[in-house]
There are 2 protein chains.
Amino acid sequence: MQSFTEENYLKIIYHLSELTNTVQTNAIAEQIQTKPASVTDMIKKLADKGFVDYIKYQGVTLTERGRNAAINIVRKHRLWEVFLVDKLNFRWDEVHEVAEELEHIKSEALIERLDEFLGFPKSDPHGDPIPDKNGRFAKTQFIKLIDLKIGDGGTITGVSQHSSAFLKHLEKLGLTLGKQIQITDVTDFDGSVEILVENKQINISREVAKHILISTNGKN
Amino acid sequence: MQSFTEENYLKIIYHLSELTNTVQTNAIAEQIQTKPASVTDMIKKLADKGFVDYIKYQGVTLTERGRNAAINIVRKHRLWEVFLVDKLNFRWDEVHEVAEELEHIKSEALIERLDEFLGFPKSDPHGDPIPDKNGRFAKTQFIKLIDLKIGDGGTITGVSQHSSAFLKHLEKLGLTLGKQIQITDVTDFDGSVEILVENKQINISREVAKHILISTNGKN
DNA sequence: TAATTTTTTTAGATTTACCTAAAAATAAAA
DNA sequence: TTTTATTTTTAGGTAAATCTAAAAAAATTA
C-alpha cells in the first residue's frame with residue numbers, strides 16, 4: 001500500500017507518460033509543485049518498491065505494477081468527480097481539487113459500491129474515460145481542436161486542462177461537452193481559431209484551442 | 001487549517017471530554033494507538049495553536065476553538081456514515097473505518113452539499129446525533145442498558161462502541177437501533193442481563209450491556 | 001569539438017510525527 | 001508520612017518528505 005505522496009507521484013507520472021515515453025524529473029517537479037531534488041529522492045523510492053523503472057539521468061517509466069496502481073487512482077478520481085457533479089450538483093470546474101483528496105481514500109469496497117451507485121459511468125465530467133475495476137477503459141480517439149483544419153467539424157468530448165479558470169472560460173463561451181463545433185477560419189496573426197457553435201461564430205485563442213478535445217464525425 | 005493528525009487528536013480529546021472533564025495523556029495515547037510521550041508532544045503543539053488548554057501533569061481540555069474544530073470533524077464523520085449506509089448500502093458495522101478517512105476531506109462545500117443530498121439527517125447509523133453546520137445538535141438523553149433495573153424498558157437508540165465485531169454481534173442478537181427492549185432479569189454470578197426483545201428472551205453479557213444505549217419510554 | 005546551457009543528482013539540513021529510555025511529578029498503599 | 005506504583009514529561013533519535021546549494025551528466029550552441 002502506498003502513501004498519499006507516492007500515489008500522487010504515480011498518478012502524475014502516469015499522465016506524463018501519455019505525452020512522452022520516459023518521464024523527466026523536471027516535468028514531474030513542475031506538476032507536483034516541488035523541487036527536482038525532491039523528485040529524484042522519491043523516484044528512487046518508487047524504483048526500490050518496483051513501481052517505476054529508473055536509470056539515472058534518463059528519466060522514469062512506470063512498471064506494470066506502477067501503471068496498475070496509477071490507473072486505480074485515476075479511476076477513483078474520476079468516479080468521485082462524477083459523484084460530485086451528478087449527485088451533489090457541483091459544476092465541472094469545481095470538482096478537480098476535491099477529487100484530488102477523495103482519490104486517496106483507501107477502501108476498495110467503497111469504490112466498487114460508488115461505481116455501482118453512479119451506474120458504472122464510462123466517462124467523467126471532463127470527458128475522460130473511467131477505467132473499470134480491472135483497469136480497462138476505451139482508448140478514446142481525440143483530436144485537439146487546434147489540429148483541425150478549416151471546414152473540419154466534430155463534437156467536444158474532452159478537455160486536457162482541468163483548472164477552474166479554464167473550465168469557467170469554456171462555459172462562458174458555451175463550449176461544453178457534447179457541443180457540435182466546426183472550424184470556419186484560422187487567424188494567421190495570433191493563431192486564434194474561428195469556430196461555429198450552435199449557429200454562432202466565436203473566436204477562441206490558440207491556447208484555449210490546444211486544450212479542447214474533439215471527436216470528429218467525419219470531415220466535410 | 002489542521003493536519004490529519006491534529007484533527008484526530010482533537011476528535012479523540014472531544015470524545016474523551018464527554019467522560020471526564022480534563023483528559024489524561026494516557027487515555028489519549030490508548031485511543032490514538034500511540035505512546036504517551038508522543039501525546040505530550042502533540043498536546044503542546046495543539047496548546048500553542050490555541051486548540052487546547054494544557055497544564056503540565058494535569059491533562060487537557062478543549063478551548064472553544066478546539067471544540068468547534070472537533071465538532072466539525074464529528075459532523076463530517078457521521079454524515080459520511082449516513083452516506084455509506086443510506087446510499088451505498090454498507091452495513092452499520094462496516095462504515096466506521098472508511099468514515100475515519102473521509103472525515104478529513106477538507107472542502108466545506110462538499111459537506112454542506114452532502115448534508116443536503118442526505119436530507120439533513122439528525123443522527124448517524126449508530127444513533128449518534130449529527131451536529132448541524134453551526135455545530136449545534138440535540139443533547140440526547142441516553143441511559144446505558146447496564147444501568148437499567150429489572151422491569152425497566154426502552155428503545156435502543158445508540159451504541160458506545162463502533163467496532164465491527166461488536167456491531168455484528170448485536171446484529172446477530174437482533175439488537176439493532178429502534179428495537180424495544182425490557183429487562184427481565186440480572187444474573188448475580190456474571191452480571192449478564194436477561195432481556196425481552198420482540199417476544200424473545202435473550203441473555204447478553206455485562207460487557208455488551210455496557211455499550212448499548214437506551215432511551216427510556218417510562219418505567220413500569 | 002569546445003563552450004555553454006540545461007537537466008539531474010548528491011550532500012547536508014529541516015520539519016512533522018513518531019519512538020525509547022530515563023527522570024520527574026502525582027497518586028495510592030503501607 | 002514514607003514507600004511504592006502510576007502517570008507524565010524530558011532528552012535524544014528515527015523516518016518520511018521536503019528543501020538549498022553545489023557538483024555531475026547530458027544536451028545544445030557556437
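It should be emphasised that the depicted structure is a prediction, and the values quoted were computed from it without experimental measurement. All chains are named by letter (A, B, ...) in the order of the sequence lines, taking the proteins before the strands, and each is independently numbered beginning at 1.
- Within residues 66-74 of chain B, no residue has a heavy atom under 4.0 Å from DNA chain C.
- With a 6.0 Å cutoff to the six-membered ring centre and a 45° limit on the axis angle, A:K133 does not count as a cation-pi contact of A:F120.
- Of all non-hydrogen atoms in A:P125 and A:L177, the two that sit nearest each other are O-CD1, 3.2 Å.
- Phosphate proximity of C:dT9 to A:Y54: present, with a side-chain N or O under 4.0 Å from OP1 or OP2.
- No engagement by A:F4 is indicated, since no non-hydrogen atom pair under 4.0 Å with the nucleic acid exists.
- For the pair B:K56 and B:Y54, the cation-pi test (distance below 6.0 Å, angle within 45°) is failed.
- Within the 4.5 Å cutoff, side-chain heavy atoms of A:V186 are placed close to those of A:I150.
- Distances shorter than 4.0 Å separate some side-chain N or O of B:Y9 from OP1 or OP2 on C:dC18.
- The shortest distance between side-chain heavy atoms of B:N203 and B:T187 falls below 4.5 Å.
- Atom-to-atom, CD1 of B:I32 to C1' of C:dT16 comes out at 15 Å; the value is rounded to the nearest Å.
- No donor-acceptor distance shorter than 3.5 angstrom exists from the side chain of B:Q31 to the backbone of B:I28, with no hydrogens or angles considered.
- Here the P atom of nucleotide D:dA15 and the CE atom of A:M42 are 16 Å apart, to the nearest Å.
- Residues of residues 23-31 of chain B having a heavy atom closer than 4.0 Å to DNA chain D, listed by number: B:Q24, B:T25, B:N26.
- Rounding to whole angstrom units, NZ of residue A:K44 and C1' of C:dA11 are separated by 10 Å.
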Enumerate all atom pairs, one protein N or O and one N or O from nucleotides 19-22 of chain C, separated by less than 3.5 Å.
unit_1	atom_1	unit_2	atom_2	d
C:dC19	OP2	B:T34	OG1	2.6
C:dC19	OP2	B:K35	N	3.1
C:dC19	OP2	B:S38	OG	2.5

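- Each of C:dT9, D:dT9, D:dA26 was ranked by its minimum atom distance to the side chain of A:Q58; first place goes to D:dA26.
- Judged by the 6.0 Å and 45° rule, A:K106 forms no cation-pi pair with A:F4.
- A side chain to side chain contact (heavy atoms under 4.5 Å, CB included) with B:R206 is found for one member of B:I146, B:V193, B:D190, B:L145 and no other, namely B:I146.
- Aromatic ring pairs are classed by plane angle as parallel below 30°, tilted from 30° to 60° and perpendicular above 60°; the pair A:F83 and B:W80 is tilted.
- The phosphate of D:dT7 has neither OP1 nor OP2 within less than 4.0 Å of any side-chain N or O from B:K56.
- The CD1 atom of B:I43 sits 6.0 Å away from the CD1 atom of B:I13 when rounded to the nearest 0.5 Å.
- For the pair A:I43 CD1 and D:dA16 C1', the interatomic distance rounds to 17 Å; values are reported in whole Å.
- Cation-pi contact between B:R113 and A:F90: present, with separation from the ring centre below 6.0 Å and deviation from the ring axis of at most 45°.
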